[in-house]
Amino acid sequence: MVDNPYLAHRHPSERSAGSSKPMAAEKEPLFGFVPRLVKGDQVRSALEHELNPFTKQPHSAQYKKILEQRKKLPVYGQMDDFFKIFSENQIIVMVGETGSGKTTQIPQFVAYSDLPHTKGKMVACTQPRRVAAMSVAKRVADEMDVQLGRQVGYSIRFEDMTEPGTTFLKYMTDGMLLREAMNDNQLSRYSTIILDEAHERTLATDILMGLLKKIAQERPDLKIIIMSATLDALKFQKYFALNRGKGKDKDTAPLFKVPGRTHPVEVFYTQEPEPDYVEAAIRTVLMIHRAEDPGDILLFLTGEEEIEDACRKIKIEADDLVNSDPDSVGPLICIPLYSSLPPQQQQRIFDPPPAGRPGGPPGRKVVVSTNIAETSLTIDGIVYVVDPGFSKQKVYNPRIRVESLLVSPISKASAQQRAGRAGRTRPGKCFRLYTEKDFMGELEEQTYPEILRCNLANTVLELVKLGIKDLVRFDYVDAPAPETLMRALELLNYLAALDDEGNLTPLGGIMAEFPLDPQLAKMLIVSPELKVSNEVLTITAMLSVPNVWLRPNNQRQQADAAKAMFTVPDGDHLTLLNVFNQYMQNKYDKNWAWNHYLSARALQQAENVREQLKRNMERYELDLLSMADEKKMYLNIRQALVCGFFMQVAHKEGEKGSYLTIKDNQVVALHPSCGLDTQPEWVLFNEFVLTTRPYIRTVTEIRPDWLFEYAANYYDLNTFQDGETKRALVRVANKRAGKATGRVDEPSSKRATKKQRT
DNA sequence: GAGCACTGC
């Protein structure tokens, strides 16, 4: 089947009016374009054409101005090569360093070659972050001289800025494309899919790569471009090699490489390892301030507390320097940067450096940041980077099912990325607070991909929903530990999302549709049966956003007092419900959240999430129910919690307030933020956190009866180790058995059997 | 008697 290149791209209005005139064909900007056989010359002349090929409108003056800028991008100069390699291959790996223009230009090139609008298809380009998807889409819409949301759009959670039937170039988050794949396993709406920033190896991008490799074999019409940083290219080339095996193992997917456009960065190492990296970092910043030419400094540290602390110390020392030697040392401002900072304060990083005295030494700006400045935020004007070589990284221990954050050495790739932050506007310097030998010999090449570092319960459910039958043998770029997969399968089986053969149950199918952890999805879906779905919906939303409690360093007591006002003694989950309800009742008061030491941003997010989940519930005809009797309502909410979180229960052991988690037998304590007024014998927790010691956080009292009632499978006592916890459970079970023989028609057992069918 | 690295649906 050959597309007719003339008819295919013609605007309907021209078909009758212009077809008889031979000149009409020449006026057509895409005349002679054969989909996927388009050449650079053709595109260049189309770009110079007075008409926009996609809107048939004359190009604006702005378009021509932007086009001149685009011509200077490295990737523009390699247009001919790109069209050749794109025409000849189904899968391409592309490497483009910072400043190459790949994110804005490649998808446009693809659109010109693919002509998706003539086939009712789209070109997708994924990004790991929402802001990137939005801002790049805006830029590309301007470059193509179209209105954002029409031919060029974006799709992110909470916002679909596309027009079905019109949009043919769509920027989107990787998670969003994965969601789409769950309902369209072949991703049939797309003619080409571009995965950008693949080297970041987000969970969603990793799953998409596995999926696309499979789809590519079933859909020869689908083209795929993997865009990444240099260091990872070969890995992706090998992974996407076609025709592997039979002496062809060495085949690799073709590579398209474009140089970047950055300034050189000189790298310095320490002679000896630094025993205290924070102290060394502060010393280095001050050394730069005293001795180096003007230019701002970016210092990478690991977390909020460390950053605030370092800022205070740098400020004090810098002021000392200025006071003792005002003729040679200029003023210095120190700006902290981390994600939980309110956006307004984050904006401070773009403030200009302080002005020095007239005729005196110039001022300097120091930004002290977490990894957020490594990828998510770029600050212009940075000339010096100080890199102690550490960041907080998530680690997952499948044995005890605990995720925690650990300060760990960064990878070489990450160190390079950090250094690159110094060369965005002019040549810069990077001071690494470790030896060159350690850099060469001790640092990993790449940061471990997320898929190897986290709990996969959610991912496994997604994969099953995506139609992946054999999870262990799925072709991962990097395969997760089998134990991590087993843990996830086990959890999903106990939640009745997967049957004993690992097949998706109807309940599991609905659970996968909710953008939630499986435990939360389960409790939400079950909640209408307990007539508390309105409340559980709120709690679910509150549990899926960052911490709402603020506790400023110098106002801890006031913050704790404010929190006490919201506390419901039966459990922290109910406290969250209470906070949200009061927030909604006081929405007219803009200062309400702040006055009560609550994060307005997190509460607003909870409101958005709640709305989204509510729409999902309506789609599946899950009723939104509440109860009039508050006591009964609280009781039922706690039972709904058990339906999702029966595997996260702890039993009090002895009188010292120590708890043992069920089955895993981990010794834990109630987190100090816990609002329970007593230490109940049985508690359910949302989170196990490993900080100064193991804590359980967001805790609610439960009755042990409920465990047998709602999770009989899991609470099969034969599967328990002997010990105090088991003895306590046996007592409960015996008591229940006694009751059951006394009263055959026990209503709770009825409900339990009904639950199994859900 | 603590703390949330960073994303995403």
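Values below: all heavy atoms of this structure, side chains included; hydrogens, waters and symmetry mates excluded.
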**Asked** How is A:Arg179 classified with respect to the nucleic acid when contacts are heavy atoms under 4.0 Å: base, sugar-phosphate, or nothing?
**Response** base
**Asked** Which nucleotide in the set B:dC6, B:dC9, B:dA5 lies at the smallest distance from any side-chain heavy atom of A:Glu304?
**Response** B:dA5
**Message:** Just N and O in the side chain of A:Arg693: are any of them under 4.0 Å from OP1 or OP2 of B:dG1?
**Reply:** no
**Asked** Taking CE from A:Met134 and P from B:dT7, how many angstroms apart are they, rounded to a whole number?
**Response** 15 Å
**Prompt:** Given that A:Glu462 and A:Glu305 both sit by DNA chain B, which one's nearest nucleotide is further toward the 5' end?
**Reply:** A:Glu305
**Request:** For A:Gln127 and B:dC9, give me the distance from atom CD to atom P, rounded to whole Å.
**Result:** 12 Å
**Heavy atoms of other groups near A:Tyr448 OH, more than 12 under 6.0 Å** = no
**Request:** Using whole Å, report how far CG of A:Leu670 lies from P of B:dA2.
**Result:** 13 Å
**Prompt:** For B:dT7, does either OP1 or OP2 sit under 4.0 Å from a side-chain N or O belonging to A:Thr375?
**Reply:** no
**Item:** Within 6.0 angstrom of A:Lys614 NZ, more than 12 heavy atoms from elsewhere
**Value:** no
**Nearest-0.5 Å distance that lies between atom CG in A:Leu524 and atom CE in A:Met617** = 4.5 Å
**Asked** So what does A:Leu178 hit on the nucleic acid, given a heavy-atom distance under 4.0 Å: a base, only sugar-phosphate, or nothing?
**Response** nothing
**Message:** Could you tell me how far apart A:Lys392 (NZ) and B:dT7 (P) are, to the nearest whole angstrom?
**Reply:** 14 Å
**Asked** If you look at every strand shown and take non-hydrogen atoms under 4.0 Å, does A:Thr202 touch a base, only sugar-phosphate, or nothing?
**Response** nothing
**Asked** More than 12 non-hydrogen atoms from neighbouring residues, nucleotides or ligands closer than 6.0 Å to CD on A:Glu305, yes or no?
**Response** no
**Prompt:** For A:Gln605 and B:dC9, what is the distance between atoms CD and P respectively, to the nearest whole Å?
**Reply:** 11 Å
**Request:** For A:Thr692, report the nucleic acid contact type (base, sugar-phosphate, nothing); a contact means any heavy atom under 4.0 Å.
**Result:** sugar-phosphate
**Complete:** Of the candidates B:dA2, B:dG8, B:dA5, the side chain of A:Asn458 sits closest to B:dG8
**Prompt:** Counting any heavy atom closer than 4.0 Å, what does A:Leu405 reach on the DNA or RNA strands: base, sugar-phosphate only, or nothing?
**Reply:** base
**Prompt:** Contact class for A:Asp560 (heavy atom, under 4.0 Å): base, sugar-phosphate, or nothing?
**Reply:** base
**Prompt:** Should A:Ser339 be listed as having a side-chain N or O under 4.0 Å from OP1 or OP2 of B:dC6?
**Reply:** yes
**Prompt:** Got a second to check how far A:Leu301's CG is from A:Tyr338's OH, nearest 0.5 Å?
**Reply:** 12.0 Å
**Message:** Students often mix this up, so state it plainly: with edges at 30° and 60°, are the rings of A:Phe580 and A:Tyr583 parallel, tilted or perpendicular?
**Reply:** tilted
**Prompt:** Quick one: is B:dC6 close enough that its OP1 or OP2 comes under 4.0 Å of any side-chain N or O from A:Thr370?
**Reply:** yes
**Request:** Grab the CG-P distance between A:Leu208 and B:dC9 for me, whole Å please.
**Result:** 12 Å
**Request:** For A:Lys394 and B:dG8, give me the distance from atom NZ to atom P, rounded to whole Å.
**Result:** 13 Å
**Message:** If I take atom CE in residue A:Met172 and atom C1' in nucleotide B:dC9, what distance separates them, rounded to the nearest angstrom?
**Reply:** 11 Å
**Request:** For A:Arg551, answer base if it contacts any base atom (sugar-phosphate contacts may also be present), sugar-phosphate if it contacts only those atoms, and nothing otherwise; contact means non-hydrogen atoms under 4.0 Å.
**Result:** base
**Prompt:** Nearest of B:dT7, B:dC9, B:dA2 to any side-chain atom of A:Ser673?
**Reply:** B:dA2
**Message:** By the 4.0 Å heavy-atom rule, please label A:Arg201 as base, sugar-phosphate, or nothing.
**Reply:** nothing
**Request:** Please work out if A:Tyr338 contacts a base, only the sugar-phosphate, or nothing of the nucleic acid, heavy-atom cut-off 4.0 Å.
**Result:** sugar-phosphate
**Request:** Name the closest nucleotide to the A:Ser376 side chain, picking from B:dT7, B:dA5, B:dG8.
**Result:** B:dT7
